[in-house]
Number of protein chains: 2
Amino acid sequence: MPNMKQIAKMARVSLGTVSHVLNNSAGVREPVRMRVLEAVRAVGYRPNQLARGLRRVRTSMIGMIIPDITNPFFPAVVRGAEDIAFSNGYRLILCNSDNHHSKELAHLNELRAYLPAGLIVIPSNFSDLTAQTDVYRRAGAGVVCIDRLPTNWSGDSVTANNEQGAYKATRYLIQLGHTTLATITGPLHLTNATDRLCGFKRALRGAKLKLGPEYVQEATFDKNGGYSKTAILLRLIPRPTAIFAANDMIALGALLAIREAGLRCPEDVSLIGFDDLDLGETTNPSLSSVSQSGYQLGATAADILLSRIKGDTGPAKHIVLGTSLTIRNSAARAPEIERSIFQ
Amino acid sequence: MPNMKQIAKMARVSLGTVSHVLNNSAGVREPVRMRVLEAVRAVGYRPNQLARGLRRVRTSMIGMIIPDITNPFFPAVVRGAEDIAFSNGYRLILCNSDNHHSKELAHLNELRAYLPAGLIVIPSNFSDLTAQTDVYRRAGAGVVCIDRLPTNWSGDSVTANNEQGAYKATRYLIQLGHTTLATITGPLHLTNATDRLCGFKRALRGAKLKLGPEYVQEATFDKNGGYSKTAILLRLIPRPTAIFAANDMIALGALLAIREAGLRCPEDVSLIGFDDLDLGETTNPSLSSVSQSGYQLGATAADILLSRIKGDTGPAKHIVLGTSLTIRNSAARAPEIERSIFQ
DNA sequence: GCAGGAATTTGAATCGTTTCAAAAGCAGAG
DNA sequence: CTCTGCTTTTGAAACGATTCAAATTCCTGC
């Protein structure tokens with residue numbers, strides 16, 4: 001591997017000058033600059049990032065801690081972050097926390113030893129992230145939380161407008177004539193889950209609809225969660241004619257449970273999900289869902305991080321991305337007539 | 001940030017001794033060892049990975065270059081690799097190449113500056129990877145290719161048994177009575193695509209079935225590719241009654257095209273995919289597919305890499321993982337009667 | 001109690017960069 | 001020709017570990 005010393009010798013200059021050329025850090029006369037650049041090109045020299053990082057006390061790496069890349073919502077988030085990072089000369093170190101306190105902590109602690117320029121975290125909210133990331137902030141590294149926020153988080157953040165998205169979805173169901181609604185929320189210690197529940201409730205209040213607490217079921221953000229909680233909802237009397245699922249994986253499980261209960265979606269039960277994953281297009285019926293851009297989430301977080309790295313010390317940024325309703329075939333008009341006959 | 005010097009002072013020993021304790025690299029008397037460990041615990045010291053990497057000329061990072069994390073097959077691969085890497089103290093740097101020559105090259109070149117212990121690559125096959133990774137191998141870093149292999153690749157590799165998987169799928173279709181088959185292959189410069197085509201052809205030969213070249217369509221590995229090529233296949237006379245799609249994304253596009261042509265799957269056209277992605281369970285009809293474990297692919301690659309890092313200099317390993325056929329509802333018996341009437 | 005060999009421990013060099021104070025070069029004014 | 005104030009360039013000291021030869025300590029047997 002070629003190093004700076006070789007470049008310096010080839011260009012007949014000192015180490016310092018080579019460094020200045022490489023970093024534009026001091027006035028170097030054009031002919032000298034050219035000699036150095038020429039030598040760099042000739043041997044295909046690239047600065048050793050470890051040496052540079054060691055000296056600068058900061059590398060061009062960004063730690064990204066997410067729950068699980070295998071969960072279909074997260075790849076787009078990672079991709080968004082990687083695109084922005086890479087095109088600015090930064091690389092992503094990917095860490096899966098599985099929403100486990102101990103793994104999140106382990107990643108947080110071990111990443112520090114690489115002196116990353118920053119961190120993008122989808123927090124599990126089982127650890128006090130503010131305290132845990134303090135050592136990063138003190139070292140001048142940025143920390144951006146996305147998708148959901150730890151309790152009391154006062155740093156930079158990027159989230160979707162979960163409340164508004166849920167509100168739109170629920171209002172849409174109400175406009176279709178549904179009056180007996182239900183929702184399957186995500187784990188309520190996660191802010192995106194509680195925000196979506198708030199949106200759901202606001203829409204209900206707006207339509208002066210009341211709802212027993214048994215119509216709100218908390219589930220994990222996956223197919224199993226959706227399946228088991230839907231089974232419960234479908235046994236309620238009166239049976240809900242519309243379900244707002246807090247994400248598409250839950251909705252998928254709900255679809256399964258509805259079918260298994262001998263009911264049809266959307267004729268008997270309407271369903272709306274959240275996230276608008278690709279797989280929602282190909283289910284039967286195709287899934288109406290609240291769209292949010294995972295890519296934008298990741299990309300925006302990386303943008304903020306880069307601005308912090310470049311020295312922006314302004315107040316914490318809280319970016320909230322918009323949502324939109326994607327209407328497909330899983331929600332239809334309420335089955336007025338049948339209901340009046342059967343109940 | 002605490003450093004070794006502080007630990008040395010606290011434990012009243014020299015730098016060298018601290019290092020020896022941390023690396024078990026020399027006999028250190030138990031009481032001394034304890035003193036050092038105690039100091040380490042007291043201040044939460046963690047060795048600076050940059051300094052360590054600089055000195056050792058190798059870090060505990062593994063570069064992973066994949067086409068696109070957003071493609072539903074790859075997250076499991078990455079997860080498998082990350083799990084094995086992380087539990088052995090290694091971290092993954094994730095790079096998306098988009099199958100672009102230039103991006104793959106850029107990642108290859110720039111990663112080198114971080115002195116990774118190894119590379120896991122899903123190659124685009126647009127660059128001469130053997131030459132491009134030579135600098136890594138000369139530096140003692142391992143390079144493992146997975147999923148598909150560059151032409152003339154003689155290094156370590158892990159792939160699924162693509163030929164066999166395709167053979168199983170095709171033979172299954174033949175056993176269902178289909179005689180007019182078609183296939184949509186992936187890009188034929190990728191070995192997994194050609195291998196799957198070989199398996200398809202072998203099954204045909206085994207059943208003494210002949211096929212015009214127009215029944216073999218090459219597509220990109222995505223929904224659009226599947227959609228457009230299926231449209232072509234459905235216009236052929238005689239129309240194929242069964243299609244083997246080289247992956248599930250292609251199959252998804254095929255499903256769309258079949259429906260759009262006013263035909264039914266599986267009554268009019270049977271369909272089998274490859275990869276057995278989760279989304280195949282929820283399509284209508286659910287998708288029969290050849291299962292391969294992306295997780296295993298990634299995990300095995302990481303295992304091999306770690307063994308190389310630990311010093312295994314044996315001959316190149318070529319691991320081939322098994323496949324199995326997951327039967328759902330997208331393939332059915334050939335429509336014998338209708339065919340004889342209509343054609 | 002001591003020599004000799006083995007087991008520990010130490011100290012200095014090194015990895016490849018950045019950075020900063022100091023040195024050198026240069027141009028213009030007197 | 002010298003002095004002054006710039007602009008360039010240099011050299012050495014970090015950064016925080018590892019490693020190897022050398023120094024020290026510890027045992028064991030006599």
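We name chains A, B, ... by the order of the sequence lines, and we start the count at 1 in each one.
Scanning atom types as modelled, one donor and one acceptor separated by under 3.5 angstrom connect the side chain of A/Arg55 and the base of C/dT18.
Counting any heavy atom pair closer than 4.0 Å across all strands shown, A/Val18 reaches no nucleic acid atom. Contact annotation for B/Val57: no contact, since no heavy-atom pair falls under 4.0 Å across all strands. B/Val13 comes within contact range of the sugar-phosphate backbone alone, with a heavy-atom separation under 4.0 Å but no base atom that close.
Atoms NE2 (B/His20) and C1' (C/dG11) sit 12 Å apart, rounded to a whole Å. Counting to the nearest Å, the P atom of D/dA17 and the CZ atom of B/Arg46 are 13 Å from each other. Distance CD (A/Gln49) to C1' (C/dC15): 15 Å, rounded to an integer number of Å. Atom CG in B/Leu15 sits about 16 Å away from atom P in D/dC20, given to the nearest Å. One can place CE of B/Met4 at 13 Å from P of C/dG11, the figure rounded to the nearest angstrom. The separation between A/Arg29 atom CZ and D/dT10 atom P is 9 Å, rounded to whole Å. Here the P atom of nucleotide D/dT8 and the CZ atom of A/Arg12 are 19 Å apart, to the nearest Å. When the P atom of C/dT17 is taken as reference, atom CD1 of A/Ile7 falls 9 Å away, rounded to whole Å.
Taking 4.0 angstrom as the limit, B/Asn48 places none of its side-chain polar atoms (N or O) nearer than this to OP1 or OP2 of D/dG16. Put simply, A/Thr17 has a side-chain N or O that comes within less than 4.0 Å of OP1 or OP2 on D/dT10. Neither OP1 nor OP2 of C/dG16 sits under 4.0 Å from any side-chain N or O of B/Tyr114. When the side-chain nitrogen and oxygen atoms of A/Ser19 are compared with OP1 and OP2 of C/dT18, one or more of them lie within a distance under 4.0 Å.
Of the candidates C/dT9, D/dT9, D/dT18, the closest approach to any side-chain atom of B/Asn23 belongs to D/dT18. Closest to the side chain of B/Arg56, from the set D/dG16, C/dG11, D/dT19, is D/dT19. Side-chain proximity of B/Asn3 to D/dA17, C/dT17, D/dG11: nearest is D/dA17.
Looking at A/Ser19 and A/Arg55, their side chains never come closer than 4.5 Å, going by heavy atoms from C-beta outward.
Side-chain contact of B/Glu104 with B/Ser124: a donor-acceptor pair under 3.5 Å is present, judged by distance alone.
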Exercise for review: Show your reasoning for whether salt bridge (charged side-chain N to carboxylate O under 4.0 Å, His left out) applies to A/Asp98 and B/Arg79.
Suggested key: CA-CA 11 Å; A/Asp98 287 317; B/Arg79 185 62 211 257; 2.7 Å; yes
Check your understanding: Would A/Glu38 and A/Arg35 satisfy salt bridge (charged side-chain N to carboxylate O under 4.0 Å, His left out), going step by step from the backbone distance to the final call?
Key -> CA-CA 5 Å; A/Glu38 188 44 51; A/Arg35 280 215 312 277; over 6 Å; no
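Along DNA chain C, the nucleotide closest to B/Gly16 and the one closest to A/Lys5 are compared, and the more 5′ of them pairs with B/Gly16.
Going from atom CZ of B/Arg41 over to atom CD1 of B/Ile7 covers 11.0 Å, rounded to the nearest 0.5 Å.
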